[in-house]
Each structure stands twice: as C-alpha cells, then as structure tokens.
Amino acid sequence: MWRTFMAEDGDRADFDVASIQDRWLPVWEALRPFRASESDDQRERMYVLDMFPYPSGDLHMGHAEAYALGDVVARYWVQRGRNVLHPIGWDAFGLPAENAAIKRGVDPAAWTYDNIAAQKASMKRYACAFDWTRTLNTCDPDYYKWNQWIFLKMFERGLAYRKASSVNWCPTDQTVLANEQVIQGLCERCDTPVTKKKLTQWYLRITDYAERLLDDMDQLESGWPEKVLSMQRNWIGKSTGANVDFVIEGREEPVTVYTTRPDTLFGATFFVVAADSDLAAELAAGSGAEEEFEQYLEQVKLTSEIDRLATDREKTGVFLNRYAVNPVNGERLPVWASDYVLADYGTGAIMAVPAHDQRDLDFAKAFGIPVRVVVASDEDPEQTGMATADDGPHVNSGPLDGLDKEAAIAAIIEILAERGTGEAAVNYRLRDWLISRQRYWGTPIPIIHCPSCGEVPVPEAELPVVLPPASGLDLQPKGSSPLGAAAAWSAVTCPSCGGGASRDPDTMDTFVDSSWYFLRYLDPANTDAPFSREDAEKWLPVDQYVGGVTHAILHLLYARFFTKVLHDLGMVSFTEPFTRLLNQGMVLMDGSAMSKSRGNLVKLSDELADHGVDAVRLTMVFAGPPEDDIDWSEVSAAGAKRFLARAWRLSRDVTSSPGADPAQGDLAVRQATHRTIAEAATAVERFRFNVAIAKVMELVNVLRKAIDSGVGPADPAVREGVEATAIILSLVAPYTAEDMWANLGHNPPVARAGWPEVIDDLVRQETVTCVVQIKGKVRARLEVPADVTQAELERLALADDTIARLVGEAPPRRVIVRAPKLVNVIPG
RNA sequence: GCGGGUGUGGCGGAAUUGGCAGACGCGCAGGAUUUAGGUUCCUGUGUCUUCGGACGUGAGAGUUCAAGUCUCUCCACCCGCACCA
C-alpha cells in the first residue's frame, strides 16, 4: 500500500526497483553485453570463471554471493576494455536427480532440465554477466561423450584401470565413494557412516601425478589462498623414509615395510600387519592362531569407521605366532595383526619401534612388549609412557651409535642398500581416484566386458555411449548399477571378437565431469574434439576462478590432475588450469549455516522480492572481504537499497546535458570524482570490493552536497561525478546503474560504457594536511603544499603557535620530518 | 597432535612502505520536512574525563622519534588433516 503512496510522492521516491528491473532485463537480453569475442579481437583476453552450480533446485543465498563476486571481477574487466570470457553451465549429473526420481517418480533427466531452466532464468534476472551463448550441461550426451573419450585416452595409457580392493561404501546411497568423499568417516553427501566393501572398481591413476601435483603448487603460490594449498599438500601427504625388507620365518618372500624413521631400526621390538590385509590372513593361516585371528578380524570389521578414527582408542591386536627377522641384527620380532596399521597405506605392514613412536609404545604397553631406546634422551619412554621423537645421538644401534638422526638415516639406508634389504623411499597419502559409481545418472563407462577378450574399449566412432532412458529401470539403490538391468542396453557384441559381451554397468563419479568443463566452454558445440587446442591456447589458463572453499581438495585437485593428463596427451601447453583462485565465504544466518532443519533458512527469492536484485548483490559485496563469511542477520539489505536510491536520485537531479565539458566544472568535485575512480579500481583489483563500494558512497555524499548546497545540479563536474558513479556501480548494481545511465541521457548498456579515464592531475593533491606531533602525539595540523621540502616543512611546523608554545624555549632534541604528511618533534 | 587462519566501537568492517586508529555502512540518539512515516535531509555517536586532557586495536614484553602493522611469549576462537608408520 505504501508503494502507491510513494508513486504519488513526487520525484523523491521514484526509485521503483521492480519496474527498473522489468525495464532493463529485456534490453540486455537483446544487447548481449557479455558475449566474449570469438576471433580477431585485439582486446586482451581474460578468462573469469565461476564454479558451475549443481541444479538441485532454484538458486540460493550462497549462489547469490558467489555470482555477485565473480560478476564484479568480470564486469570490471569488461569496463577496462578486456575481451572477457565469463561462462556458466551446469554440473548436471549426480545423485539428487536420481533420489528425486525415486521419491517422486519423475525422470531424472526431466527433473534436472527443469531445474536448469529455473536456475537459468534466475541467473538472468540476477543480472549475471555471463556469455549466454556458451552454456553447457554435463548431462548432455554432447558433453559426456568427451568424458568417455578422455577416459579411453587414459585407459590407453594405463591411467584408467580396474582393480579389486576394499573400498568406501555408503549404505544409504548404495554406492562406492572416493577417499575424498569420506568426511570424518561419514558420507560427504548424506552423513551416513561409511563402511568397507571389497569390490572391483575403476580407478584413475592420480598417484602417478602426486609429485607433480605437489611441485606445481609453486606456480600457484601467490594466486591461490594459502589455506587451499596447504590442504592439498596435506592431502597428498608426501613423506620420505625407507622401505625395509623383513624375512618372515616360514615365508618365501620377505615382507617390505615403509618407515620414515629407518634410523630406529635397531629399536624395533615387534612387527605389525594390518588386520584386514591379505598378508595378515596369509600369515595367520597354519600358524595355530587362526581362530583368534578370525575372531579379531570379525571384531575389527564391526568397528565403524568413526570409532576407528578416534585417536585415543585402546590398542588391540592378536599375536600371529610368527616371527619376522630384523635385517640388521637378525633379531626375531613377534608378528602381530592389528587395526592400528592401515592396509592401504605403505605396504600394510610396519616395524614397530615403541621407544620412538607413540602408537607402537601404546601397543607395546598394552601387550607387555619390550621397549628399547635407540635415540638417547633424558626421558625414558617406558616410564613416562611418552615416545620420544626428538633428535639425539643414537645408542644400542651398532654402526649408527653416536650419529644424529639425519646422519643415521643416511647411514642405515646405505647399509640396507648394500645388503639388498632396503632402499630410500617416498610415500604418499594420496590414493588412486576411484571413479566407478553404481548409480544411473552419470556418464556410462565406455568399456565392454567380453568373456574372451576382457576389457575392451568402446571404439571412438561409437561414442557417446548414451544412457538408456530411465523409464522401466529400477533406480532404487541396491548395490549394483541400474544400468546392468537394462538388458537391451547392456548386451552388445564385442568390438574385438564379435562375440556376446556386456557393457560396463557403472557410471563415472561426477567429479570427472567438472575436471575439465572449463575447457569445454571455449567451444561447447565442438563435435570433433572436447575443445580446440587453438582456443585453449588463447584463453587458458583461467585468469580468475571463483568458488567455495568446499572444493578445496576434491574438485580442484582433480581438475589439476586432468589438466596435467591433457598436457601429457599434447592437448594443452599449460600444466595448471587456474592461475588465481578466490574462495568466497559462506552466507550464514544467526551464526550458523542455513538449513531447513535448523529453521534459519533465508530464501533468496524472498530477499530479492523485498529489496531487489541490486540491493541483495550490493549487500553481498559490501558486507566485508569476499573470503569472509557473511551473517545475513548482521548486514542490511535495506541499507543497501537506501544507498542505491540515493545514488539513483543524483542521476535525476543532474541538469547539464550529456557531453557537457567537465573541464568547465568545479575543481573540488572533479578531484573527488577522479580519486574515487582511481581508488575503486585499485580496490577491485585487490579484491577489496567492500572498500570500492565505500569509496563510491563517499563520492555520492560529496555529489549530494554539491547539488544541494554547493555548485548546484548544472555544474558539469557534477555530471562527470554521477556518470562515474553509474559506471562503478554497474559492477555491483547493474539495474540501478543502467537506469542512472539512461537518466543521464545515455544509451544502454552502461556495462560497456568503459571505465572512466583517471586524470592524474586531479588525483594528485596540491595541498595536504600535515600532522605535527610532539613525542608522537598529534598537536597541530598544517595545510602544506604537496611538494613542500623537508626543511621548509620543519620550519613551518616549529613556527606553528601551538607547537611553539608546547615545545618551549629550548631547542628540540630531535625533529623527524616526513614531508609532506608528518612532523614529529622531540623536545629537548 | 600437525598444518592454516583470525582477534580493531553496540554490529559488519576500513587503515600501500611502521606515520592522524575506527573510513564506509548498520544500529542508536536528537533535530528538520511531513496529517502520517519502514521517506528524505541535517547533526551526533570508541571509552573515561576535573573538559585541560587521559586512555584505547585479545594479554604481556621488546624494537622505534613513531607499532593495529615488526620481533618474542602467552591466551581465545575458527578451519583443515589426523593411528599415514
């Protein structure tokens, strides 16, 4: 009702958000201001990329923040005259589509494409500066064909392979998970405790790239947040040490263990194999300890992953009635099986040195195994219960006695190497990437299983292997892929021998889709290749990537891996895909993440209806540094709207004509304008968008005063200032800016108006305020010429009445002069 | 435990190289316009104060003419990893 009032309330209250939005949206739709030029454009290229969304519903507050931030960067560089590529697409495969299908009986494809349509409309209304001619959906056969193609290239090179292994299994989603998708023992997606299952699955050999993934981080050092780099380093988990071979009595082959402390080899008093390893079962067989071992293994299997992760758990294990022989001194070490040794790290077996490893000590104490100190220390681990990890002279270690840690490691490696029982070794925590998923809505794995030929790649000419329609398939999770039940789809003839064969029933992890999508944007309709090498060389690597820190490991590591593989395939020349990364924070409500169950969900559509697109965007950008979280309850979209109305009113008040010569205008207003332009540019380039906004707000205040009580609305400097305001605001508040631009008598789009040129003379201050301190406390201020000399400034400062009075007669002991801004007088 | 980060008014946050702490906004208070106000405009707003000033950036020390900024010690909180041998 009050809106009706406002409309009648004369020229003050005309800032009608809804009608401004309705006016400009169709105009932009026609003008397409953000199309990246395809060829022979001489402008410098720039690739600004936002992480693409999963179409799980309409856009939410998190999207609104991320896309507002990415938009500032993209729009800024467009204004600066760059040829900016700023694309968007949809990460459209994945479980939610399938779950919706199961729950509501809709086709996953229909569900997905409906959501995409809704998000696309919302994004356009949200005025995202995307190049709408380049969108992609990963669930389109045109897209996933190239997942399959890349997979086959990897298969050819041995980078994609199948193996049987104990894998992470989500009982709820009824599918396997990559290590990266298990968070604290829970399924990343549904928080169900993850269990282990022995399955034959497809893997990508990311471990082959571990060293390069680590090394190439040097290239990212200044462009990526330190946090993300450290998380990736952590995840790759490189360690150095040695492999040592231990003979097990009664076993032909020696067992290799990996250790980071080969120098403590003389302190080994027992030997442990992972309870769930094949080796443990083998050693238990015929040892007389089978029964105990079986019982123990049962118990271990029942222990959930979460319990396993509790670090303060009691050590458990079972003696296998076997002995390993220490290669350096021939000692017999009892062999135990325990779950504190992991089957899939190192070799699944360890030498245990209780004096210098806390876990081994805990175990030794629990089972009364002797502790032998081999690195001298004041503390006795057996007494204190604390293993010592400090450096120190070695003792009880034969040839290593007296050496420090570093020397001892070098010496023992040499000794082992001479005897052929060990060598220096490097280990990684990173495991190969498990990509098989027993679900429907994903990329079919393009392999045919033939009883006589084995794994046969689908011939390239037959790609894509298209998903069969969902209708008629049982998508209910049951542990095996729904595709296997699509008999007509599954049954094929072997491309190699022509015999009966079947398709691989699994689909790929959706992280495969997002590992190279940034390349597909260059040429999303290409039918000959995933992307053109020529375009890739022109546009990539991505100059600025914007997205949430939730993908710090998963997506970013996989995308880096894919880029290196594509590099090795000769398809791209660079080795890192994203030069700079900006991780935006989250949008919270009342201190915690929004969720329906918590009852603190803020609906984006409500906020947009209440305050308008521009005010919501402005609030997101002005709230603080982009990487910080925003608590929606602590910021004010109403305040943002008020500011926009204030800025917009300026454009109504200007009475000079377009093209009026600003040189004829008021100097002070011009200076304020040009300083703002310069400061806003610096702030945007440093990602201090909130500061850029603050600067525009100051300019708006100056212009308001100039109009109301200063030079008046007809001064050309006022026009210049309001035009600059519109252009700077176009980065954040495109509707308001466009309407201001029109009010000022210009044609749309303001987004392509060009960044105003800064006149240096107007930025330079001819006089500055100099503070005069006495002993570091400000006592006076002087207006001085900006180019004042040190000597002149000192004279002026000491001549100041206040200063002269406070300093007194005696000559000052010292005067520090930093012309033109500061003088500090230390009285005698 | 290991690694990364953050501590500034009632709140969100500013502050190139050490050089006026608290820009800008929110909120609050007062005033003007208004029949009215979820409008607009103006003014004030770190704390204490004997109105001269004094104190003030998590705590404590140090370097310096000068420290939010540099160094050391400590505290609190957040994030990531965590039985990885």
Side-chain angles (χ1 to χ4, degrees), chain A residues 2 5-6 9-10 12-13 15 183-184 225-235 237-239 241 257-262 264 272 274 308-313 315 338-342 344-353 356-360 362-363 389 427-431 549 552-553 618-619 622-625 627-631 633-640 642-643 645-646 649 682-683 686 688 690-698 700-701 704-705 708-709 769-779 781 812-818 821-826:
Chain A
W2 65 279
F5 250 111
M6 280 181 56
D9 194 18
R12 278 183 159 182
F15 183 64
I183 313 293
Q184 312 258 305
E226 199 47 52
K227 180 183 175 183
V228 175
L229 293 176
S230 94
M231 283 168 77
Q232 292 216 352
R233 269 191 204 99
N234 218 317
W235 190 262
K238 180 180 181 176
S239 76
V257 304
Y258 171 73
T259 175
T260 54
R261 292 297 303 275
T264 62
V272 190
R308 247 185 89 97
L309 284 165
T311 41
D312 48 358
R313 263 171 82 230
K315 291 282 180 288
S338 173
D339 65 352
Y340 89 90
V341 171
L342 306 175
D344 53 358
Y345 181 78
T347 58
I350 63 156
M351 66 179 213
V353 185
H356 307 295
D357 182 288
Q358 191 60 46
R359 298 152 299 178
D360 296 346
D362 293 344
F363 192 88
N427 234 297
Y428 300 93
R429 213 187 69 116
L430 183 72
R431 316 287 158 80
V549 73
I553 299 173
L618 178 65
T619 305
F622 184 57
E627 50 280 345
D628 288 1
D629 290 345
I630 298 172
D631 192 322
S633 65
E634 287 170 343
V635 293
S636 170
R642 224 148 43 215
F643 163 72
R646 202 168 137 82
R649 255 179 270 122
T682 318
R686 292 172 56 214
R688 311 313 291 265
N690 54 328
V691 178
I693 304 296
K695 298 298 177 190
V696 187
M697 286 174 167
E698 284 180 86
V700 166
N701 291 340
R704 183 78 262 155
K705 277 206 176 73
D708 288 349
S709 55
T769 307
C770 171
V771 286
V772 185
Q773 302 174 330
I774 294 175
K775 283 174 73 178
K777 301 214 182 304
V778 180
R779 299 299 173 180
R781 283 157 216 276
R813 184 150 51 96
R814 198 171 162 194
V815 181
I816 292 106
V817 183
R818 291 284 177 279
K821 292 181 80 174
L822 178 133
V823 177
N824 191 7
V825 183
I826 316 303

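Labels below follow one simple rule: chain letters A, B, ... track the order of the sequence lines, proteins then strands, and each chain is numbered from 1. This structure is a prediction, so every number in the text was calculated from the model and none was measured.
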Expressed in angstrom and rounded to an integer, what is the separation of [X] atom [atom1] from [N] atom [atom2]?
X	N	atom1	atom2	value
A:Arg688	B:rU16	CZ	C1'	12 Å
A:Phe622	B:rC24	CZ	P	10 Å
A:Asn690	B:rG25	CG	C1'	10 Å
A:Glu634	B:rG9	CD	P	14 Å
A:Arg431	B:rC81	CZ	C1'	13 Å
A:Lys775	B:rA67	NZ	P	12 Å
A:Arg813	B:rU64	CZ	C1'	13 Å
A:Gln358	B:rG1	CD	P	12 Å

Classify the nucleic acid contact of [X] as base, sugar-phosphate or nothing, counting any heavy atom under 4.0 Å across all strands shown.
X	value
A:Pro225	nothing
A:Asp708	nothing
A:Ser239	sugar-phosphate
A:Lys227	sugar-phosphate
A:Val691	sugar-phosphate

ask   = Syn or anti for B:rG9, taking syn as within 90° of 0?
value = syn
inquiry  = Just confirming the chi classification of B:rG52, syn or anti, using 90° around 0 as the syn window.
reply    =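 B:rG52: syn.
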request  = Search all heavy atoms of A:Pro625 against all heavy atoms of A:Arg688 and return the closest pair with its distance.
outcome  =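 Heavy atoms of A:Pro625 and A:Arg688 come nearest at CG-NH2, 4.2 Å.
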query = Which atom pair, heavy atoms only, marks the closest approach of A:Arg261 to A:Met351?
reply = O-CE, 3.7 Å
Roughly how many Å apart are [M] and [N], using the [atom1] atom of each and rounding to a whole number?
N	M	atom1	result
B:rG12	B:rG62	P	32 Å
B:rU17	B:rA32	C1'	46 Å
B:rG7	B:rG60	C1'	16 Å
B:rG1	B:rG46	P	42 Å
B:rU69	B:rA59	P	11 Å
B:rG38	B:rG27	C1'	15 Å
B:rG10	B:rA76	P	23 Å
B:rA15	B:rU73	P	28 Å

inquiry  = As a test of your reading of the structure, name each stem of RNA chain B as range with range, where a stem is three or more consecutive Watson-Crick or G-U pairs at under 3.5 Å.
reply    =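 Consecutive-pair runs (3 or more) involving RNA chain B: B:1-7 with B:75-81, B:10-12 with B:24-26, B:27-32 with B:40-45, B:46-48 with B:53-55, B:58-62 with B:70-74.
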message = Looking only at side-chain N and O atoms, does A:Tyr340 offer a donor or acceptor that is under 3.5 Å from a partner on A:Asp360?
response =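 There is such a pair between these side chains.
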ask   = Are A:Arg814 and A:Asn824 linked by a side-chain donor-acceptor pair shorter than 3.5 Å?
value =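 No, because no side-chain N or O of A:Arg814 sits under 3.5 Å from a partner of the opposite role on A:Asn824.
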Tell me which nucleotide among [options] gets nearest to the side chain of [X].
X	options	result
A:Asn824	B:rG3, B:rC41, B:rA66	B:rA66
A:Asp357	B:rC24, B:rA85, B:rG13	B:rA85
A:Ile350	B:rC42, B:rA85, B:rC65	B:rA85
A:Arg642	B:rU40, B:rG12, B:rA15	B:rU40
A:Arg818	B:rG19, B:rG4, B:rA85	B:rG19
A:Thr259	B:rG19, B:rA15, B:rA85	B:rA85
A:Ile816	B:rU16, B:rC65, B:rC20	B:rC65
A:Ile826	B:rC24, B:rA14, B:rC65	B:rC65
A:Ser230	B:rA85, B:rG4, B:rG12	B:rG4
A:Arg779	B:rG53, B:rC65, B:rC24	B:rG53

key: Residue closer to the 5' end of RNA chain B, A:Phe643 versus A:Arg646 (nearest nucleotide)   = A:Phe643
query = Would you call the rings of A:Tyr258 and A:Tyr345 parallel, tilted or perpendicular if under 30° counts as parallel and over 60° as perpendicular?
reply =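 Geometry flag for A:Tyr345 against A:Tyr258: perpendicular rings.
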May I ask you to test the [X]-[Y] pair for a side-chain heavy-atom distance under 4.5 Å?
X	Y	value
A:Met697	A:Phe622	yes
A:Trp235	A:Arg429	yes
A:His356	A:Val353	yes
A:Asp339	A:Val341	no
A:Thr769	A:Lys821	no

key: Cationic N near anionic O, under 4.0 Å, A:Arg431 to A:Asp344   =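 Yes.
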task = Please determine if a side-chain N or O atom of A:Tyr345 lies less than 4.0 Å away from the OP1 or OP2 oxygen of B:rA85.
result = yes
inquiry  = Taking only side-chain N and O atoms of A:Arg233, does any of them lie within less than 4.0 angstrom of OP1 or OP2 on B:rC81?
reply    =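 For A:Arg233, the contact criterion (side-chain N or O under 4.0 Å from OP1 or OP2 of B:rC81) is not met.
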ask   = So does A:Arg429 reach the base of B:rC81 with its side chain, donor to acceptor, closer than 3.5 Å?
value = no
Distance-only donor-acceptor test, A:Asn234 side-chain atoms vs B:rC81 base atoms, 3.5 Å =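 Side chain to base: no pair present.
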